[in-house]
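Values below: all heavy atoms of this structure, side chains included; hydrogens, waters and symmetry mates excluded.
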Amino acid sequence: MPKTIDQMIDDLVVREGAFVDHPADRGGPTCWGITKSKACEHGYTGDMRSLPKGTARAIYWQDFVIAPGLNLLALRSPRIAAEALDTGVNMGAPWGVMMLQRALNALNQGGADWPDLVKVDGSYGSKSDAALAGCQRVRGKQQWEDVLLAAMNCQQGDRYLDILERNPSQEAFGWGWFRNRVLAPA
């Protein structure tokens with residue numbers, strides 16, 4: 001049975017865990033996967049060790065679901081929405097959708113199967129949904145979700161390698177990124 005967005009957020013909270021303050025983490029102190037700066041943007045002024053799960057969930061909902069349009073994406077493909085959400089939480093909210101948009105543009109046989117998107121902008125709206133619907137219609141019997149997820153994960157892995165090569169201090173996270181993010185099923 002497909003997961004709801006609330007279940008996806010619950011999974012994220014569990015996966016991200018409680019308070020962490022790793023010295024190499026450029027995001028600084030985090031709790032439930034929410035950085036201190038992100039919590040402050042939403043008016044939280046307390047100690048990050050005490051960030052309520054409900055506050056983290058509300059931030060996920062607003063900044064990582066509504067803002068990039070994952071609520072619309074989840075109506076068509078909960079699996080792809082889960083991947084886009086997880087990627088967005090780790091890399092920045094628009095990244096998961098941008099990876100999907102790039103895959104949709106690159107895998108449409110020059111626009112013959114479904115139209116190219118106007119731009120890769122990280123916002124899943126009506127044009128992105130039409131492209132995904134076209135993919136589903138044309139490739140519906142060809143593991144369309146699996147192929148798009150693989151294309152998204154290839155991009156994610158490439159971005160991680162780029163980060164690791166540019167900033168060796170991030171190597172502390174590399175193995176976990178690949179094991180828990182790239183290989184983990186959506």
Problem - Heavy atoms from other residues, nucleotides or ligands near CD of Gln143 exceed 12 (cutoff 6.0 Å) - result: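 At most 12 heavy atoms, drawn from other residues, nucleotides or ligands, come within 6.0 Å of this atom.
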
Between the main-chain N or O of [Y] and the side-chain N or O of [X], is there a donor-acceptor pair closer than 3.5 Å?
| X | Y | value |
| --- | --- | --- |
| Gln7 | Thr4 | yes |
| Asp116 | Gly111 | no |
| Gln101 | Tyr124 | no |
| Gln136 | Trp144 | no |
| Glu16 | Cys31 | no |
| Asp162 | Asp158 | no |

Interatomic distance, [X] atom [atom1] to [Y] atom [atom2] [nearest 0.5 angstrom]:
| X | Y | atom1 | atom2 | value |
| --- | --- | --- | --- | --- |
| Met152 | Glu83 | CE | CD | 5.0 Å |
| Ile5 | Leu85 | CD1 | CG | 8.0 Å |
| Cys135 | Leu100 | SG | CG | 8.5 Å |
| Phe64 | Arg57 | CZ | CZ | 14.0 Å |
| Ser77 | Leu70 | OG | CG | 11.0 Å |
| Leu104 | Met99 | CG | CE | 14.0 Å |

Practice task
Applying side-chain hydrogen bond (donor to acceptor under 3.5 Å, both in side chains) between Arg15 and each of Asp86, Asn180, Asp10, report the one that passes.
Solution key: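 It is Asp86; the other options fail the test.
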
Close side-chain approach of [X] to [Y], heavy-atom, < 4.5 Å:
| X | Y | result |
| --- | --- | --- |
| Met91 | Arg181 | no |
| Arg76 | Asp129 | yes |
| Arg139 | Leu107 | no |

Problem - Any side-chain donor near an acceptor of the partner, Gln155 and Arg102, under 3.5 Å - result: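 Checked: Gln155/Arg102 side chains pair up, N/O donor to acceptor below 3.5 Å.
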
Handout entry: Pair listing, side-chain hydrogen bond (donor to acceptor under 3.5 Å, both in side chains) test, anchored in residues 60-74, at least two apart
Key =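 Matches after skipping sequence neighbours: Lys38-Asp63, His42-Asp63.
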
Handout entry: Cluster check Val89, Val20: I/L/V/M/F/W/Y, side chain < 4.5 angstrom
Key =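 No, it is not one cluster - the side chains of Val89 and Val20 are not joined through contacts under 4.5 Å.
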
Practice task
Following the transitive rule for hydrophobic clusters with a side-chain heavy-atom cut-off under 4.5 Å over Ile, Leu, Val, Met, Phe, Trp and Tyr, establish whether Val182 and Ile163 coincide in one cluster.
Solution key: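 Yes.
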
Exercise for the section: Provide the closest heavy-atom pair for Leu117 versus Ala131 in the form atom of the first, atom of the second, distance. Expected result: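 For Leu117 and Ala131, the tightest heavy-atom pair comes out as CD2-CB, 3.8 Å.
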
Handout entry: For the student: nearest non-hydrogen atoms of Val97 and Ala84, plus distance
Key =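 The pair with the smallest heavy-atom distance is N-CB, 4.2 Å.
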
Exercise for the section: Decide, yes or no, whether a salt bridge links Arg137 with Asp113 under the criterion of side-chain N to carboxylate O below 4.0 Å. Expected result: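 Salt bridge flag = no for Asp113 with Arg137.
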
